Amino acid sequence: MFRPVSPKLNIVLMEEGVLRFWKKHQIFQKTMEQREGGPEYVFYEGPPTANGKPGVHHVLARAFKDVFPRYKTMQGYHVIRRGGWDTHGLPVEIEVEKKLGFTNKQQIEDFGIARFNELCRESAFSYIQEWEKLTDRIAYWVDLDTAYITYTNDYIESVWWILKNFWDKGLLYQGFKVVPYCPRCGTPLSDHEVSLGYDEATDPSVYVRMPLVDEPDTALLVWTTTPWTLPANVAVAAHPEETYVVVEREMEEGGSEKLILAEALLEKVFNNQPFTVVRKMKGKSLKGKRYQPLFTFVPPDKPAHYVVMGDFVTTEDGTGLVHMAPAFGAEDMSAALEYDLPILMTVAPNGTFISDVRPWAGMFVKDADPLITEDLRQRGLLFRSGTYTHTYPFCWRCDTPLLYYARPTWYIRTSQFKERMVELNEQINWYPAHIKTGRFGNWLANNIDWALGRERYWGTPLPVWECEQCKHQECIGSVAELSQKAGRDLSGLDLHRPHVDEIIYSCPECGGKMRRIPELIDVWFDSGSMPYAQWHYPFENQEIFARQYPADYICEAVDQTRGWFYSLHAISTLLNDQVSFKNVICLGLILDGKGEKMSKSRGNVADPWDVLNKHGADAMRWYLYTASPPGQERRYSSELVSEVVRNFTLTLWNTYSFFVTYANLDGWKPDASHLPQYSDLDRWLRSSLHTLVRDVTEAMESYDVLGATRPIETFVDQLSNWYLRRSRRRFWKSESDEDKRAAYATLYEALVTLSKLLAPTMPFIAEELYQNLVRSLDESAPESVHLAQWPGYDLAVIDERLNREMALVMKLASVGHAARNKANRKVRQPLAEAAFSVGTAEEMRVVEAYADLLEDELNVKKVRVLDTTAEAVAYSLNPLPKQLGQKYGSKFPAIRKALLELEPETAAKRLLAGKPLEVVLEGETFTILPEEVEVRAMAREGFAVASEGAYLAALVTDLTPELVKEGLAREFVRRVQDLRKQADLEISDRIRLYYSATPLLAEAVKDFAGYIQAETLCIEMVDSLPAENLPTTQDTFDDQEVTIALKRVE
RNA sequence: GGGCCUUUAGCUCAGUUGGUUAGAGCGCGCCUCUGAUAAGGGCGAGGUCUCAGGUUCGAGCCCUGAAAGGCCCA
């Protein structure tokens, strides 16, 4: 006996039961233990940070991460599914700062780095329980107990080892570069951090006059969106090849002036204001022209304030003359190096003006923009001011506008490995494929050195020590090495600030004091080090590492292209000269129901629990897998998930429930020793099933999640709405014959196979089915579907022709139903005949072969092929372009025309008889084969027909008295069945029927008594109403009245 | 300005190496079936496949250009 299954499914209760089962029997642990010794399948967890609540986008990533480890486990692979947590970095610091109400770094220093970092350590896991709960509920099987944590000493030590390796190869260097810099956080940002924070910004748009020294009343017209950089101006750049003009114009305040700008921008700058072009010249003739500085707060220590040449100057915006402040722009800085210009540093690291800039000293530079503009206006140097909206980078965490700012910082020479990174990327299988050469490939091809240093507190310290006196530098690659330098055992040392900073040793060169430099490293370097650091490699676990590197599979959202995907790839390339992951699914963003991006900052993050508590994890996962290709953006809402439940889960569940109900009634059990006598329908279902297994397996092998899920939906639909609907009678009939056993065996095989195919994607319902269908009968079977073997398929069972034939039969049934509808003949009324016309001789054979099935489905006494000679239909030919076009190319239109000009009746009959046609074109004879032309029947008037393409169904709708009575009997049965249901009878309960009916109906009931009794499990029919009070129904149909009562018989 | 992606029914999406009649689900209206079903079936309304060129006997699909939206980068 199978455990009885209600057709009503409470998904959430079912899933919670399965969760308890997994926990009680430690199934997850067993999936790892039982596969030990099997081939390794390597999965890397991209570590999230648990200092915020997990959202739907995390469910998306975790759902996709989960699929392949489960699939591979079922194939016998050993998959270590180690979790991981990213714990360092600004996101954590900022949360703590918020809690403490801090707004700048000095407050942290005052508070104490040790205390601050302790709070960071706690904060990093403030939502750990939420994460664990959600991970558990969605059945993302990842080992959180042994998860790697980036703040542990072991992890940090491995990172140090990697850095030391780079140091030894000369790949770490300290540079002075203009970097995107967050004045609030007081730290430069890496490029991938910058890329996280672009947003629309409205900045001032300021046109400034820079009067020439040697030409009275003539000024360079310069445009900028950052007035705050003007006090640091040292030069103006012009493009050597562009054409510049001197224009003369009247000033609003009286008098006239001459301005120099690029010719191409005249209209943009002056709009409709009048002006006269005085002179034209190439940009290079401006070279060296001196102008009066706008400000003199910081006196330059080198020659400055003249025109320089720059190829980077464009005539898209502005005036074609670019203001240069080397401290605040990368191009400005390179021009400064080229022309030996001074670098005026007017801004302090906290983003405020230094005291030399007297009027605005201490003011945040962006806040000073309007004051500076006003100052210029008052001095007559402002030509025009307005606003300019463009995309501008903001700090990805605190939203402060970034400044481009010259800072000393540490770099990794990744650009030296640009070509190699591009080459190695060729080995990676990207899903979707375009990321490889597109977004990721371009990013690698344009690689610039990795800005590694961070002037912060909570992170992996850069292990470089420097001598106070002689500036000698050393990189430390392990705790042991540091202990040896320090001359004491430091194995208990916390490798964070401020503790590491306290380790001071004497310089081997000069005996001075070696102190650690203040910088931390970019947190992305932490996560990119996880292949090594998660095992504390190379200090421990060298063998495990060898087996667990590189990864077979990783999966994250597309925003990790420049994040984790890059840091993994860069570190692996520089360290081992090989890839660190072989296959990667790169997920698209998740959007809300309106199609808008979900993000913490927008506050439209849907709570995954809303759906989990209502529709369950399986449905949520399934929706995410099937909604759209993984790389595409996808919309998400509770309504979309509920469709999954209605259309897929419940269909499957009810098929399962049906099977269990009837199998239990019949006491059926799988019997491997008995070979079933499969019917055509069974053979078709098995052929479809094995085709499905083949297709799903192939899709899984190529990381095609959509291909591994959508076909299952189609199969379940056909299983339920064709196989089962067509097979119901086989299960109902009272005798247990060969045919019935074959039906059970077929349905059982389908359900068990489905449970395995669904295990990686819908782990709950898969387990539920498996436990009842397999484990309840066979104690020796694997304990869980997730420990079972992935199903194989039998090519001998796959019958493509059968698949095609059944597709045709379903099509014909559909056309037949359409014909009934048109003729207004409900299905309960039997009809004498249905005749089909099909396109080819081969299809005619199919109609005959499946006549029984169609008769039953359409409730007609006879199904046959429409007679080509005797019956009143007309034919037309449809030359098939696919066949004929490919065969005859440009002659196809002429051949088509010739075919259509043939006498259709004669030609159609030849073709349907399987004989070729001949057409003559310009003296050339072409032989047209039957399979190259489709024959279409057309209905003549007066027939109950429906057609679709080449397929036509014609119904004989005349009713004999006998057919009418049979129809009435069916109506009667239906009323009885309704009554049984109302009376809450068991399916197998026997009944006694009492009825009273108008004469014609009464006659029909008597004539079809045997049929009625068999259908309704009635042991006796009484042609009168009972005295006692019994479940009763009364109804009128087809001009007949009836009252029915029933009594359950023990 | 550059790179990548997307654009097909009211909504969410399919659409095989190009094949003449572009599909499904949801929603809507009408009809129907049912002792597995929260369902199923049929019919209908709803499409200039974003636009313009080109290649081809034939283009939703290939090529060129444009537009709109998105993501990323300057």
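In what follows, chains are A, B, ... by sequence order, proteins preceding strands, each numbered from 1. These figures come from a predicted structure and were not determined experimentally.
- Closest to the side chain of A:Ser720, out of B:C4, B:A39, B:A36, is B:A36.
- Within the 4.0 angstrom heavy-atom criterion, no nucleotide atom of any strand lies near A:Tyr888.
- Within the nucleic acid shown, A:Arg646 comes within 4.0 Å of sugar-phosphate atoms alone, with no base atom in reach, counting heavy atoms only.
- A:His817 places no side-chain N or O within 3.5 Å of a backbone atom of A:Leu858 that could act as its donor or acceptor partner.
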### Message
Each nucleotide in nucleotides 57-69 of chain B should get exactly one letter: B, S or -. Can you fill that in based on protein heavy atoms under 4.0 Å?
### Response
B------------

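- Side-chain nitrogen and oxygen atoms of A:Arg974 include at least one within less than 4.0 Å of the OP1 or OP2 phosphate oxygen of B:U34.
- For the C1' atoms, the distance from B:G3 to B:G41 is 50 Å, rounded to whole Å.
- Heavy atoms of A:Leu9 sit under 4.0 angstrom from at least one base atom.
- Between A:Arg725 and B:A36 there is no side-chain polar atom (N or O) within less than 4.0 angstrom of OP1 or OP2.
- With B:G70, B:A36, B:A39 as the candidates, the nucleotide lying closest to the side chain of A:Arg439 is B:G70.
- Residues A:Phe658 and A:Phe731 bring their aromatic ring centres within 6.0 Å.
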Interface polar pairs with nucleotides 23-25 of chain B, N/O, under 3.5 angstrom:
residue, atom, partner, partner atom, Å
B:G25, O2', A:Asn647, ND2, 3.3

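- Checking B:A14, B:U34, B:G70 against every side-chain atom of A:Pro629, the shortest atom distance belongs to B:A14.
- When the side chain to side chain contact (heavy atoms under 4.5 Å, CB included) test is applied to A:Leu884, the partners found at least two apart in sequence or on another chain are A:Pro879, A:Tyr888, A:Phe892, A:Leu899, A:Ile928, A:Glu932.
- Using cut-offs of 30° and 60° on the angle between ring planes, the pair A:Phe440 and A:Trp430 is tilted.
- Of the candidates B:A38, B:G3, B:U17, B:U17 carries the atom nearest the A:Lys882 side chain, counting heavy atoms from C-beta on.
- Distance from the side chain of A:Arg710 is smallest to B:C13 among B:A36, B:C13, B:A38.
- The nucleotide whose nearest atom lies closest to any side-chain atom of A:Lys981 is, among B:G3, B:C43, B:U37, B:U37.
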